[in-house]
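As the structure lists them, so they are numbered: ligands from 1, and atoms in each ligand from 1. All values derive from a computational prediction rather than experimental measurement.
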Amino acid sequence: MATDPDLIADASLRIRDRGLTPERAAWEAIGSVADTIGAAGPRQAERVSDLYDIRNRMVSSLTGRAAPGVPDPGHPFVLLAVDLAPADTAGLDTARCLAIVTEEGGATSHTAIIARSLGIPAVVGVPSATAIPDGTLLLVDGITGEVIKEPTVDQQAATAPVLRPHREKLMSPGSTADGHRVALLANIGSARDIASALECGAEGVGLYRTELYFLGRTEAPSVGEQVNACRAVFSRFAGRRVVVRTLDAGSDKPMPFLGYVEEPNPALGVRGFRTAASHPELLHDQLMAIKVAAEAETAEVWVMAPMITTVDEVRSFAQGADDAGLPIIGVMIETPAAALQAELILAEVDFVSIGTNDLAQYTFAADRHSASLASLNDPWQPALLRMVEMVTGAAADSGKPVGVCGEAAADPQLALVRAGLGVSSLSMAPGALAEISRSLAAVTLDVCRRAARAACDSDSPSSAREAVRALLTT
Ligand code: PEP
Ligand code: MG
């Protein structure tokens, strides 16, 4: 947002034409974007507070003051907070901040996603986290979600072996011990993610969240700008797969230029591919930009649409992508409706990718950002695993690839379950790639299949975890 060309142009005009100081100009320019977004309704309030956060940081930077936000105690620390603004999380020093614990947010909320992309263990939705006194020794397990105060020596010793450096590199392509391939790909949304995906040796990109270059804009970016943004990614992954997701606007990613009307339930409203019905030009321009960028580079570009619910939507998207000249076309499976019709959907496209963050929220009718409903959004919920199984079964019948790109792709034991279900690629925060690769390499496909069966047949997330753990230790 801070580098948005419209914002910079507006601030520059205020300096040139009205003689404002840079800090005043930045203050007013961001204030005007915040007013536009705020006018879109109270649900956009979170976005407005992000903008104010950016404004405060810009003004601090321009006036030579320390940025507001996370204090630096001068030594490594575990960060405890009620919640964090995305800018707080994105700006964390990964060498200092060892882990994050917040009182609010769900495991698939944006704070959790960004923390994971930085390779910082994060546990969200911990009541009274901020009441823990400064100086308390904490053990934070970002995989199990456990936060232990003053752990015993035994607990510390049991944890130490799983501590990994933040930027561990994937040494070989993802595969089980007996050579069954599972491509290990990265989720990216920012320039920093591109760098860490490369650093961590991702085989490619399984989810390029393009809406991040639309966010906070008062007007849609031009085709030229979009071409540049896509080329910046494609050029870094020459010869490798890059799965580009078209605009996933709406709900938690409001965009003023779509002219939103207030909706009582935005997560169940006009979001994802549904915005293409009222703004076909946006999708058309984006597909054209992806095509132009793909032609200029050598990455193997796949394109997919988010939030699909009907086969007609799939046909409409596939037609648009085909008209744009894009050769590999797919859709995301993020709703139970899409999972139930996976077979018909796969008949229309080349691949599907399962977005377990949203698939969980819609399967359990539980807001993914709600801390109090986090247990329903647990990726080990057997009902969710059965949804995934429905899709992988259809994919196996069609012989087409099926990926998983939700946050849960980064869980090492769940990765085995997914491989056993027949998932052909896992896309995740880059920092998790090496761990997942090790987890796969330690078992055969047969073990993965047995783990998948045991997890799907369980009656709760804890028994699913336990069943898989037991299978792996025998
Ligand atoms: C998902 O829903 O699982 C997903 C990958 O998309 P996002 O988190 O961007 O909604
Ligand atoms: Mg989603």
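- Taking CG of L385 as the start and OG1 of T363 as the end, the distance is 10.5 Å to the nearest 0.5 Å.
- The CZ atom of F317 sits 6.0 Å away from atom CG of L283, with the distance rounded to the nearest 0.5 Å.
- The heavy atom nearest to atom 6 (O) of ligand 1, out of those in M332, M307, R245, is found in R245.
- Under a 4.0 angstrom heavy-atom cut-off, Q361 registers as lying outside contact with ligand 1.
- Counting just the N/O/S atoms of E334, the one with the shortest distance to the Mg ion (ligand 2) is named OE2.
- Among L359, N357, N187, the residue whose heavy atom lies nearest to atom 3 (O) of ligand 1 is N357.
- By the 4.5 Å heavy-atom criterion applied to side chains, L170 and C200 are not counted as neighbours.
- Close approach to L207 involves these atoms of ligand 1, each under 4.0 Å from a residue heavy atom: 5 (C).
- Counting heavy atoms closer than 4.0 Å to ligand 1, residue R209 contributes side-chain atoms (C-beta onward) but none from N, CA, C or O.
- Looking only at side-chain heavy atoms (C-beta outward), P173 and R181 come within less than 4.5 Å of each other.
- Just one of L79, L98, V101 meets the side chain to side chain contact (heavy atoms under 4.5 Å, CB included) condition when paired with V140; it is V101.
- Checked by atom type, the side-chain pair S439/Q413 shows no donor-acceptor distance below 3.5 Å.
- At a threshold of 4.5 Å between non-hydrogen side-chain atoms, the residues V205 and R241 do not count as touching.
- Near C405, the atoms of ligand 1 lying under 4.0 angstrom from a non-hydrogen atom of the residue are 5 (C).
- Within the listing of ligand 1, atoms 2 (O), 7 (P), 8 (O), 10 (O) sit less than 4.0 angstrom from a heavy atom of R368.
- Atom numbering of ligand 1 starts at 1 in the shown order; those under 4.0 Å from a heavy atom of D358 are 1 (C), 2 (O), 3 (O), 10 (O).
- Here atom 2 (O) of ligand 1 lies nearest to E334 when heavy atoms of E334, M428, R271, E407 are compared.
- The closest approach of D358 to the Mg ion (ligand 2), by N/O/S atoms, is made by OD2.
- Salt-bridge check for D411 with R465: failed, with every basic side-chain N at 4.0 Å or more from each acidic carboxylate O.
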